[in-house]
Amino acid sequence: GQNIDQPTEMTATEGAIVQINCTYQTSGFNGLFWYQQHAGEAPTFLSYNVLDGLEEKGRFSSFLSRSKGYSYLLLKELQMKDSASYLCAVNSGGGADGLTFGKGTHLIIQP
Amino acid sequence: EAQVTQNPRYLITVTGKKLTVTCSQNMNHEYMSWYRQDPGLGLRQIYYSMNVEVTDKGDVPEGYKVSRKEKRNFPLILESPSPNQTSLYFCASSLLAGAGNEQFFGPGTRLTVL
């Protein structure tokens, strides 16, 4: 089966850096996505990794290690608007070719 | 504006009363999908479609039907809704199925079945 684990909740301070980890065990691997979701709203795309290494996009970076089944999302210079849930999702390349999502990490930013 | 739209956004209904949630995208995407999101369970795929007239079950298809008669539309049908289908539903689309194709999500439909 597919299993994706990420912490349920994290708290960080405005202006600081936070790292949200995601580990996965899936039957196949065709890439890993990170989405941001504010409460009651639709998920929005943040990043995509298919090769090992770090992808940087402004204040957000995402890292992937396929051999370890591990990814993290790094958020720098945290702002209050970064308070949201962060969803790790794996494309396992199966028949559905869709995404298997983790349960999400609720990030709380404190002043 | 490129977008995925869903209607209705909110719906309260009663057990057994058939309902349809519409989903439409204007990006000429081939791949469309329905998810439900429940507290503590995350997003789970209900059905997906890789192109017109091609649909298949996701992880939690029981109690749902879909159709894909046109590329832009992918309605979700609940023939006989039950309280355990109370959830937040998202439609999503991507250019193609498979690796690297970012999925765009609709705004969500909050369904309550009494």
Side-chain angles (χ1 to χ4, degrees), chain A residues 1-9 20 22-24 26-52 55 57 60 62 64 66 71 84-106, chain B residues 2-7 9-10 23 25 27 29-51 54-61 66 74 87-112:
Chain A
Q2 323 282 44
N3 191 46
I4 300 175
D5 287 317
Q6 44 182 137
T8 302
E9 186 173 285
I20 303 174
C22 171
T23 58
Y24 62 90
T26 55
S27 53
F29 182 80
N30 238 2
L32 186 145
F33 292 81
W34 285 95
Y35 283 82
Q36 180 190 58
Q37 185 179 26
H38 286 99
E41 297 183 9
T44 54
F45 171 80
L46 287 178
S47 68
Y48 171 72
N49 295 70
V50 67
L51 300 176
D52 290 351
E55 294 280 343
K57 192 187 290 187
F60 294 5
S62 57
L64 175 67
R66 289 172 296 169
S71 173
S85 287
Y86 292 85
L87 314 180
C88 174
V90 173
N91 183 316
S92 58
D97 240 353
L99 299 177
T100 299
F101 283 84
K103 295 176 182 177
T105 298
H106 183 211
Chain B
Q3 59 183 347
V4 180
T5 56
Q6 294 178 227
N7 282 292
R9 295 288 314 278
Y10 302 90
C23 172
Q25 50 90 7
M27 296 171 278
H29 285 173
E30 290 192 357
Y31 184 87
M32 297 186 74
S33 181
W34 275 102
Y35 295 89
R36 61 178 288 174
Q37 187 173 38
D38 302 289
L41 295 178
L43 278 160
R44 294 178 293 166
Q45 190 179 52
I46 303 170
Y47 267 93
Y48 65 96
S49 169
M50 298 184 78
N51 214 326
V54 180
T55 64
D56 211 339
K57 297 176 180 178
D59 297 320
V60 288
V66 292
F74 190 46
S87 187
L88 179 58
Y89 291 86
F90 288 102
C91 180
S93 73
S94 60
L95 184 61
L96 298 169
N101 284 281
E102 170 195 349
Q103 291 198 22
F104 295 82
F105 285 81
T109 295
R110 189 168 291 282
L111 173 66
T112 302

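Below, read A as the first sequence line, B as the second, and so on, with proteins coming before strands; counting in each chain starts at 1.
The two residues A:F33 and B:E102 come nearest to each other via the heavy atoms CE2-CA, 3.9 Å. The two residues A:L99 and B:Q103 make their nearest non-hydrogen contact at CG-NE2, 3.8 Å. Minimum interatomic distance between A:A42 and B:F90 (heavy atoms only, all atoms of both residues): CA-CE2, 3.5 Å.
Every side chain to side chain contact (heavy atoms under 4.5 Å, CB included) that A:D52 has, sequence neighbours left out, goes to A:L64, A:R66.
Within 6.0 Å of the CZ atom in B:R110, the count of heavy atoms belonging to other residues, nucleotides or ligands does not exceed 12.
With a 4.5 Å cut-off on non-hydrogen atoms, A:L32 does not touch chain B at all. Of the atoms belonging to B:F104, not a single heavy atom falls under 4.5 Å from chain A.
Atom OH of A:Y35 and atom CZ of B:F105 lie 5.0 Å apart (nearest 0.5 Å).
Residue with the most contacts toward chain B among A:P43, A:G40, A:S85: A:P43 (heavy-atom pairs, distance under 4.5 Å).
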